[in-house]
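Just the heavy atoms: all of them, side chains too, but no hydrogens, waters or symmetry mates, feed the values below. Along the sequence shown, the residues carry numbers beginning at 1.
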Amino acid sequence: MRPELQEIVDDFAASPKAMRLELLLDFANSLPALPAHLADDRSGLEQVVECQTPFFVAAEPGPDGRVALYFDAPPEAPTTRGYAGVLSAGLSGATAEEILTTPSDFYTAMGLSEIISPLRLRGMGAILGRLKRQVHQRVDGDAS
């Protein structure tokens, strides 16, 4: 796993159960806003329909091989925003390979199953799955 993401996972795992939700909310509050090109034209965002709330993602590989990740989730969905914040902090700027090899269930090592419903956890897995699919399609598309 990418070191930046592993550090986040380790921080959550080392935290008492009662603090994990607070940590997740900190990530929700630090989720970056959409850049102007996506805020103005949302066609570059893809909805993750498995999420209970309206949640959108975009993965944009750059010419340097690094991938920019963008997320849009309503403030009324703090746990989902928090997970997006974790992905943003841990994987933005990663290579396509780093994203594609991220374990799909890495969040289980964070102890989130103790504080979040199984339905929300499935949505979290779907978010990473959607990002991986976008990265795979866009990197292969660039190589063709």
How about Glu7: does its CD atom have over 12 heavy atoms from other parts shown lying under 6.0 Å from it?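 Check fails, neighbour count at 12 or below.
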Measure the shortest side-chain to side-chain distance between [X] and [Y] over non-hydrogen atoms and say whether it is less than 4.5 angstrom.
X	Y	result
Leu128	Leu91	yes
Gln52	Arg122	no
Ile116	Leu21	no
Thr108	Asp105	yes
Met1	Val9	yes
Leu25	Pro78	yes
Gln6	Arg2	no
Leu100	His136	yes

Where do Arg138 and Arg133 land on the side-chain contact (heavy atoms from CB on, under 4.5 Å) test, with the steps shown first? CA-CA 8 Å; Arg138 292 175 181 170; Arg133 186 174 55 77; over 6 Å; no
Nearest 0.5 Å, please: how far is [atom2] in [Y] from [atom1] in [X]?
X	Y	atom1	atom2	answer
Gln134	Leu69	CD	CG	9.0 Å
Leu5	Leu87	CG	CG	7.0 Å
Glu50	Arg120	CD	CZ	14.0 Å
Ser92	Glu4	OG	CD	10.5 Å
Ile8	Met110	CD1	CE	7.0 Å

Option from Ile127, Val49, Asp72, Leu45 for which side-chain contact (heavy atoms from CB on, under 4.5 Å) with Phe55 holds: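 So, applying the side-chain contact (heavy atoms from CB on, under 4.5 Å) to Phe55 and each of Ile127, Val49, Asp72, Leu45, only Ile127 qualifies.
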Minimum heavy-atom separation for [X] to [Y], with atom names?
X	Y	value
Met124	Thr79	CE-O, 3.8 Å
Ala58	Leu38	CB-CD1, 4.0 Å
Gly123	Cys51	O-SG, 3.8 Å
Ala59	Leu131	CB-CD2, 4.2 Å
Pro74	Thr53	CG-CB, 4.4 Å

Looking at Glu114 and Lys17, is any side-chain nitrogen of the basic one under 4.0 Å from a carboxylate oxygen of the acidic one?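 Between Glu114 and Lys17 there is no salt bridge, as every charged N stays at least 4.0 Å from the carboxylate O atoms.
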With Arg81 as the cation and Phe71 as the aromatic partner, state whether NZ or CZ is under 6.0 Å from the six-membered ring centre and within 45° of the axis.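 Pair Arg81/Phe71 does not count as cation-pi.
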Is it the case that the side chains of Lys132 and Ser104 hold a donor-acceptor pair, with the cut-off being a distance below 3.5 Å and no angle test?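 A donor-acceptor contact under 3.5 Å links the two side chains.
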Indicate, with yes or no, if Leu31 and Leu34 share a hydrophobic cluster defined by side-chain heavy-atom contacts under 4.5 Å among Ile, Leu, Val, Met, Phe, Trp and Tyr.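 Different clusters: Leu34 never reaches Leu31 through Ile, Leu, Val, Met, Phe, Trp or Tyr contacts under 4.5 Å.
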Under 4.5 Å between side-chain heavy atoms, counting indirect links through other Ile/Leu/Val/Met/Phe/Trp/Tyr residues: same cluster for Tyr70 and Phe27 or not?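 Tyr70 and Phe27: separate clusters.
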Quick one: does any side-chain atom of [X] pair with a main-chain N or O of [Y] as donor and acceptor, under 3.5 Å?
X	Y	answer
Arg20	Leu112	no
Arg130	Phe56	no
Thr101	Glu97	yes

Which of parallel (below 30°), tilted (30 to 60°) and perpendicular (above 60°) describes Phe106 and Tyr83?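 Answer is parallel, since the angle falls under 30°.
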